[in-house]
Number of protein chains: 2
Amino acid sequence: MTSHDRQYADARYLSQLLVSIAEQAKADFADTVAPLGLPIHLARAVLLLDQPAPMRDLADQLACDRSYITNLADQLEELELVERVPGQDRRVKLLALTKKGVQTRDAISKAVAERSMVLQRLTDAQRETLRPLLELLAGQE
Amino acid sequence: MTSHDRQYADARYLSQLLVSIAEQAKADFADTVAPLGLPIHLARAVLLLDQPAPMRDLADQLACDRSYITNLADQLEELELVERVPGQDRRVKLLALTKKGVQTRDAISKAVAERSMVLQRLTDAQRETLRPLLELLAGQE
DNA sequence: TATTGTTATACTCTATAACTATA
DNA sequence: TATAGTTATAGAGTATAACAATA
């Protein structure tokens with residue numbers, strides 16, 4: 001086996017690990033927010049709305065179409081977690097958390113952190129080591 | 001901010017990084033296998049069929065319903081990548097890669113490794129450091 | 001009785017295209 | 001003309017339930 005082959009085998013193995021970790025993380029997230037009555041995308045949107053944000057921005061962050069955000073926003077309004085507020089540019093609508101939305105966001109945030117694999121399976125030192133590697137992988141160098 | 005709070009903030013940050021890396025990895029995988037004419041789940045199934053395996057096992061590994069595997073198997077047979085072969089237990093059908101299936105698996109495998117973030121963004125040493133941390137996260141201790 | 005794979009069907013997620021109102 | 005959000009619609013992906021064959 002050449003060193004080249006070994007690199008490839010290594011890359012494949014790590015990629016598989018990443019995929020399976022990601023799937024587990026996603027499933028954990030879904031399980032964590034389900035008791036709050038929220039499907040995964042609604043919960044993610046709530047977490048992203050730390051500040052009121054244009055619907056367009058949300059579409060970028062969730063990597064989906066604007067029309068789908070309309071859909072999510074309708075559901076979030078129905079649940080009274082979010083309000084549409086007009087922006088300075090009058091084409092724009094901002095999504096802003098309601099009081100109930102803020103409470104929900106805090107609850108999600110806490111539940112997610114408590115149950116996270118990252119907290120349960122790694123020590124402080126291990127997390128410190130992991131962080132820069134993930135940042136490199138995420139492409140924020 | 002208490003040390004407790006900091007741990008939580010840390011866990012949230014790392015979790016977010018993992019999620020965004022996973023999404024990127026998934027999109028990269030889809031882009032990589034698209035030229036081969038394979039949607040993501042078909043490609044994953046082909047990669048998993050290193051050995052002929054009962055359809056049931058595939059359902060477990062892909063975390064989906066058996067009926068969906070029937071669906072995938074039909075498509076893979078249509079593409080002549082896979083054959084259904086009877087198992088010793090006569091209820092069971094194994095999926096086995098055809099010659100073309102093996103070639104396709106090798107092509108996918110190579111393309112995925114070449115384009116993987118893990119290979120492109122990390123040095124050998126960084127991958128060595130990352131491996132045990134991912135293994136802990138994946139729960140294979 | 002429990003399990004494997006299949007079928008038919010239905011539901012969820014998400015995008016596309018055409019529209020409106022602003023800019 | 002280009003952009004933000006909306007609407008209606010369609011497609012992909014995936015599950016559920018009932019079933020046949022086998023254990």
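Protein chains get the first letters and strands the later ones, always in sequence-line order, with residue 1 at the start of each. Just so you know, these numbers come straight off a predicted model, no measurement behind them.
A:Val46 is not listed as a side-chain neighbour of A:Val33, based on a closest heavy-atom distance of 4.5 Å or more.
Listed by first then second residue, pairs satisfying ring-ring contact (aromatic ring centres under 6.0 Å, His included) with a partner in residues 102-136 of chain A number zero, not counting sequence neighbours. Applying the salt bridge (Lys or Arg N to Asp or Glu O under 4.0 Å) test to pairs two or more places apart or on separate chains, those with a residue in residues 35-60 of chain B are A:Glu23-B:Arg44, B:Asp50-B:Arg105, B:Arg56-B:Asp60. Listed by first and then second residue, the salt bridge (Lys or Arg N to Asp or Glu O under 4.0 Å) pairs involving residues 117-127 of chain B are A:Asp10-B:Arg127, B:Asp124-B:Arg127 (not counting sequence neighbours). For the ring-ring contact (aromatic ring centres under 6.0 Å, His included) condition, no pair includes a residue of residues 112-137 of chain B, sequence neighbours left out. Sorted by first and then second residue, the ring-ring contact (aromatic ring centres under 6.0 Å, His included) pairs with a member in residues 40-93 of chain A read A:His41-A:Tyr68; sequence neighbours excluded.
Against DNA chain C, the stretch residues 30-42 of chain A makes heavy-atom approaches under 4.0 Å through A:His41. Listed by residue number, A:Pro54, A:Met55, A:Arg56 are the residues of residues 54-64 of chain A with a heavy-atom contact under 4.0 Å to DNA chain D.
Residues B:Arg131 and B:Glu135 are not paired through a salt bridge, judged by the lack of any N-O separation under 4.0 Å between the basic side chain and the carboxylate.
The phosphate of C:dA21 has neither OP1 nor OP2 within less than 4.0 Å of any side-chain N or O from A:Lys93.
Atom CG of B:Leu94 is separated from atom P of C:dT3 by 19 Å (rounded to the nearest Å). Separating the CG atom of B:Asp74 from the C1' atom of D:dT14 is a distance of 15 Å, rounded to the nearest angstrom. Rounded to an integer number of Å, the gap from CD1 of B:Ile69 to P of C:dT3 is 18 Å. For the pair B:Asn71 CG and D:dA12 P, the interatomic distance rounds to 12 Å; values are reported in whole Å.
For B:Phe29, the ring-ring contact (aromatic ring centres under 6.0 Å, His included) test picks out no residue, with sequence neighbours left out. Residues forming a side-chain contact (heavy atoms from CB on, under 4.5 Å) with A:Asp31 (at least two apart in sequence, or on another chain): A:Arg115.
In this structure, the side chain of A:Ser109 does not engage the main chain of A:Asp106 through any donor-acceptor pair within 3.5 Å. At distances below 3.5 Å, at least one donor-acceptor pair connects side-chain atoms of B:Thr98 with backbone N or O atoms of B:Leu81. Of the possible polar contacts, one joining the A:Gln126 side chain to the A:Thr123 backbone as a donor-acceptor pair under 3.5 Å is found.
Between the axis at the start and the axis at the end of the helix from C:dT1-D:dA23 to C:dA23-D:dT1 there is an angle of 10°, using five pairs per end and rounding to 10 degrees.
Note on B:Asp89: only backbone sugar-phosphate atoms sit closer than 4.0 angstrom, heavy atoms only; bases stay farther off.
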Donor-acceptor pairs under 3.5 Å, side chain of residues 71-79 of chain A to any protein atom, not counting sequence neighbours: which ones?
unit_1  : atom_1 : unit_2  : atom_2 : d
A:Asn71 : OD1    : A:Gln75 : NE2    : 3.0
A:Asp74 : OD1    : A:Arg84 : NH1    : 3.2
A:Asp74 : OD1    : A:Arg84 : NH2    : 2.9
A:Glu77 : OE1    : A:Arg84 : NH1    : 3.1
A:Glu77 : OE2    : A:Arg84 : N      : 3.1

Atom pairs under 3.5 Å: protein N/O with N/O of nucleotides 16-21 of chain D:
unit_1 : atom_1 : unit_2  : atom_2 : d
D:dT16 : O4     : B:Ser67 : OG     : 2.8

